[in-house]
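Quick notes on the structure that follows.
As the structure is a prediction and not an experimental result, all values here were calculated from the model.
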Amino acid sequence: MAFIAEKGDDVRISTLLIALLVAGCAASGVKVTDEQMKHFKPGETTLEQVVAVLGKPTNKTRMSDGTTSLMYVFAESKVRPETFIPFVGGFIGGADTSSNVAMLRFDGAGKLMETSSSTSEMGTGMGFSAGQVAPLQTEQPRR
C-alpha cells in the first residue's frame with residue numbers, strides 16, 4: 001500500500017509539525033534583559049520612563065517610607081521531548097523551567113534609586129528522570 005499525497009496534505013503535515021513543536025513550551029510575564037537594565041540610571045530615570053520602556057510591571061508595591069518597587073517576572077517552561085514517548089514518557093520525561101526577576105526601586109519623587117535582578121533554572125521530572133532522592137539531613141524533630 002503506497003501513500004499518495006492529496007491536495008492540501010502538505011499544509012496539514014506542516015500544521016501538525018508546528019503544533020507538536022509548540023505544544024511543549026509555555027511562557028508568561030515580562031522578560032527584562034541585562035541590556036535593558038543598563039539603560040536605567042539611578043537618580044535620573046523615572047518610574048514613568050521605566051514603564052514606558054518595559055510595559056506594565058508584574059507587581060507594583062508602595063512602601064510605608066514612600067518608595068515604590070516595580071517587579072518584572074518572567075517564567076518559561078519547556079517540556080522535554082522524551083515526555084511525548086508513548087508509555088515511557090511519564091517515567092523518563094519532564095520539563096525545564098527558567099525564570100528571571102527584575103526589581104527597580106524608586107524614591108517618593110519617582111526617581112530610580114536601585115535595581116536588582118535574579119535568574120533561576122530548574123528541571124522537574126517523574127520516575128527515572130527525577131533522579132535519586134536523598135534523605136533530608138536535618139536536626140529538626142519529625143512529627
Side-chain angles (χ1 to χ4, degrees), residues 3 5-143:
F3 176 76
E6 294 181 18
K7 194 174 192 179
D9 280 347
D10 55 344
V11 173
R12 285 187 209 113
I13 292 170
S14 297
T15 304
L16 177 63
L17 289 174
I18 291 170
L20 287 173
L21 289 172
V22 174
C25 299
S28 178
V30 178
K31 187 172 188 175
V32 179
T33 65
D34 289 338
E35 188 63 34
Q36 289 171 307
M37 291 290 278
K38 288 179 188 176
H39 295 296
F40 304 135
K41 305 293 181 204
E44 296 177 22
T45 306
T46 66
L47 188 145
E48 291 79 18
Q49 290 171 324
V50 169
V51 172
V53 170
L54 300 179
K56 185 178 177 183
T58 309
N59 188 337
K60 181 178 180 179
T61 306
R62 179 91 171 152
M63 309 300 260
S64 61
D65 64 358
T67 61
T68 301
S69 292
L70 300 183
M71 184 186 307
Y72 290 88
V73 179
F74 176 79
E76 179 178 41
S77 188
K78 295 179 182 178
V79 178
R80 295 181 194 137
E82 301 86 31
T83 304
F84 298 107
I85 298 173
F87 306 112
V88 297
F91 298 104
I92 62 171
D96 296 309
T97 302
S98 61
S99 67
N100 74 337
V101 177
M103 188 87 122
L104 301 99
R105 197 171 80 144
F106 300 85
D107 62 20
K111 293 280 187 179
L112 182 64
M113 296 171 57
E114 63 182 349
T115 65
S116 64
S117 64
S118 66
T119 59
S120 68
E121 293 189 20
M122 66 177 164
T124 57
M126 296 174 56
F128 299 118
S129 66
Q132 289 187 337
V133 178
L136 290 174
Q137 302 297 324
T138 179
E139 299 293 322
Q140 298 179 355
R142 299 204 182 243
R143 295 183 184 171

Exercise for the section: Just do the side chain to side chain contact (heavy atoms under 4.5 Å, CB included) check on F40 and V53 with the steps written out, would you? Expected result: CA-CA 10 Å; F40 304 135; V53 170; 4.1 Å; yes

Practice task
Evaluate the criterion side chain to side chain contact (heavy atoms under 4.5 Å, CB included) for residue pair L70 and M103; output intermediate values, then yes/no.
Solution key: CA-CA 6 Å; L70 300 183; M103 188 87 122; over 6 Å; no

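For the residue pair H39 and T45, the shortest heavy atom distance occurs at O-OG1, 4.1 Å. Between G66 and R62, the closest heavy-atom pair is O-NH1, 3.1 Å.
Partners of T46 by side chain to side chain contact (heavy atoms under 4.5 Å, CB included), not counting sequence neighbours, listed by chain and number: E48, Q49, K111. Annotation: side-chain hydrogen bond (donor to acceptor under 3.5 Å, both in side chains) contacts of T61 (sequence neighbours excluded): N59. Judged as a side-chain hydrogen bond (donor to acceptor under 3.5 Å, both in side chains), and not counting sequence neighbours, S69 has no contacts. Evaluation of the side chain to side chain contact (heavy atoms under 4.5 Å, CB included) rule for T67 yields M63, D65, R105, M113 as partners, not counting sequence neighbours.
With rounding to the nearest 0.5 angstrom, the CG atom of L112 is 10.0 Å from the NZ atom of K41.
Side-chain contact between F106 and V50 is present, with at least one heavy-atom pair separated by less than 4.5 Å. Between L54 and V51, every side-chain heavy-atom pair lies at or beyond the 4.5 Å cut-off. Side-chain contact between L104 and Y72: present, with at least one pair of heavy atoms (C-beta onward) separated by less than 4.5 Å. For the pair V101/M71, a side-chain contact is recorded, criterion being any heavy-atom separation below 4.5 Å from C-beta on.
Pairs passing the side chain to side chain donor-acceptor pair (under 3.5 Å) check and including a residue from residues 91-101, sequence neighbours excluded, read S77-T97, R80-D96, S99-S120.
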What pairs of donor and acceptor atoms, side-chain ones from residues 29-36 against any protein atom, are under 3.5 angstrom apart with sequence neighbours left out?
unit_1	atom_1	unit_2	atom_2	d
T33	OG1	Q36	N	3.2
T33	OG1	Q36	OE1	3.4
Q36	OE1	T33	N	2.8

